[in-house]
Amino acid sequence: SNARSLPYAISQPPYTVVDGKMEPGKILYKVWKPTSSPEAYNYYLQRSLVAATFSIGAPTFTGGIAGNPLGVSVNISRTNAPSDKTSAVVAHMMIVENDVNGNKNVVRRMLPSPAGTRIENFLAATSGTSHTLQGTWKPSRSAPTNTYSLVVFVADEQTKEVYQAEIFPINQNVDARTSEKLVTMDA
């Protein structure tokens with residue numbers, strides 16, 4: 001529940017929040033179809049045409065086997081898209097399990113914490129300015145390739161508007177549990 005509650009003060013799913021907010025007096029957008037919610041659908045289409053303010057590079061994964069935690073490193077760059085905003089941004093990395101009994105993208109860990117990484121003056125930065133996010137995760141059980149994915153997103157600290165988001169599969173086996181050694185004693 002920390003994945004929803006800390007950044008967006010959402011305690012119960014399901015409803016949709018667009019750009020980190022919902023207009024006062026508007027209905028909850030449960031279905032994104034032109035016929036059932038034309039206003040929400042049109043807003044979604046308009047927002048999809050806005051140039052991305054940030055670019056999220058492919059992550060680098062290290063470790064994750066033989067008792068070593070999985071290390072994650074992701075580079076976020078400022079694009080040349082214009083922005084008149086000056087607030088800080090918060091970057092988040094989440095390890096999600098792709099399928100848990102039919103539930104998709106179940107959050108297992110937010111890296112380095114549920115609060116994310118605050119980046120001051122990133123909206124005012126020049127094109128090409130970058131910031132590297134890093135974190136580690138030690139899963140409680142081993143898992144085969146493609147069981148987990150990494151979700152990365154950058155949001156405005158004040159308005160909660162999400163500027164860019166990406167999801168990357170973790171294409172490796174993950175087994176960071178410490179292996180137990182069998183010890184026998186002769187009597």
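- Applying the side chain to side chain contact (heavy atoms under 4.5 Å, CB included) test to D99 and every residue at least two apart in sequence or in another chain returns K104.
- Residues meeting the side chain to side chain donor-acceptor pair (under 3.5 Å) test with T132, sequence neighbours left out: N75.
- The salt bridge (charged side-chain N to carboxylate O under 4.0 Å, His left out) search around R108 returns E97, not counting sequence neighbours.
- Rounding to the nearest 0.5 Å gives a distance of 6.5 Å between CZ of F122 and OG of S77.
- W137 places a side-chain heavy atom less than 4.5 Å from the side chain of L111.
- Closest of all the heavy-atom pairs between P114 and H92 is O-CE1, 3.6 Å.
- Put simply, the side chain of I95 reaches to within 4.5 Å of the side chain of I170, judged on heavy atoms.
- Between T117 and P112 the shortest heavy-atom distance is OG1-CD, 3.5 Å.
- Note: R118 CZ to E157 CD = 4.0 Å, rounded to the nearest 0.5 Å.
- For N121, the side chain to side chain contact (heavy atoms under 4.5 Å, CB included) test picks out no residue, with sequence neighbours left out.
- Sequence neighbours left out, not one pair with a member in residues 49-75 passes salt bridge (charged side-chain N to carboxylate O under 4.0 Å, His left out).
- By the side chain to side chain donor-acceptor pair (under 3.5 Å) test, S149 is found to be paired with N98, residues two or more places apart in sequence or in another chain being considered.
- At least one side-chain heavy atom of N146 sits less than 4.5 Å from a side-chain heavy atom of N171.
- V100 belongs to a hydrophobic cluster with V106, counting contacts under 4.5 Å between side-chain heavy atoms of Ile, Leu, Val, Met, Phe, Trp and Tyr, direct or through other members.
- In terms of heavy atoms, P69 sits closest to T136 at CB-CB, 4.2 Å.
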Evaluate side-chain contact (heavy atoms from CB on, under 4.5 Å) for V74 paired with L150, printing each intermediate quantity in order.
CA-CA 10 Å; V74 177; L150 176 72; 3.8 Å; yes

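- In this structure, the side chain to side chain donor-acceptor pair (under 3.5 Å) partners of Y163, at least two apart in sequence or on a different chain, are D156.
- Residues V151 and N105 fail the side-chain proximity criterion, which asks for heavy atoms closer than 4.5 Å.
- A search for side chain to side chain donor-acceptor pair (under 3.5 Å) contacts involving Q158 returns nothing, not counting sequence neighbours.
- Checked against side chain to side chain contact (heavy atoms under 4.5 Å, CB included), A124 has no partners two or more places apart in sequence or in another chain.
- Note on residues 70-83: no pairs pass salt bridge (charged side-chain N to carboxylate O under 4.0 Å, His left out), not counting sequence neighbours.
- Side-chain heavy atoms closer than 4.5 Å link hydrophobic residues (I, L, V, M, F, W, Y) into clusters, and following such links, even through other members, never connects V90 to M94.
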Can you give me every donor-acceptor pair (side chain of residues 52-64, partner residue at least two apart or in another chain, under 3.5 Å) with its distance?
none

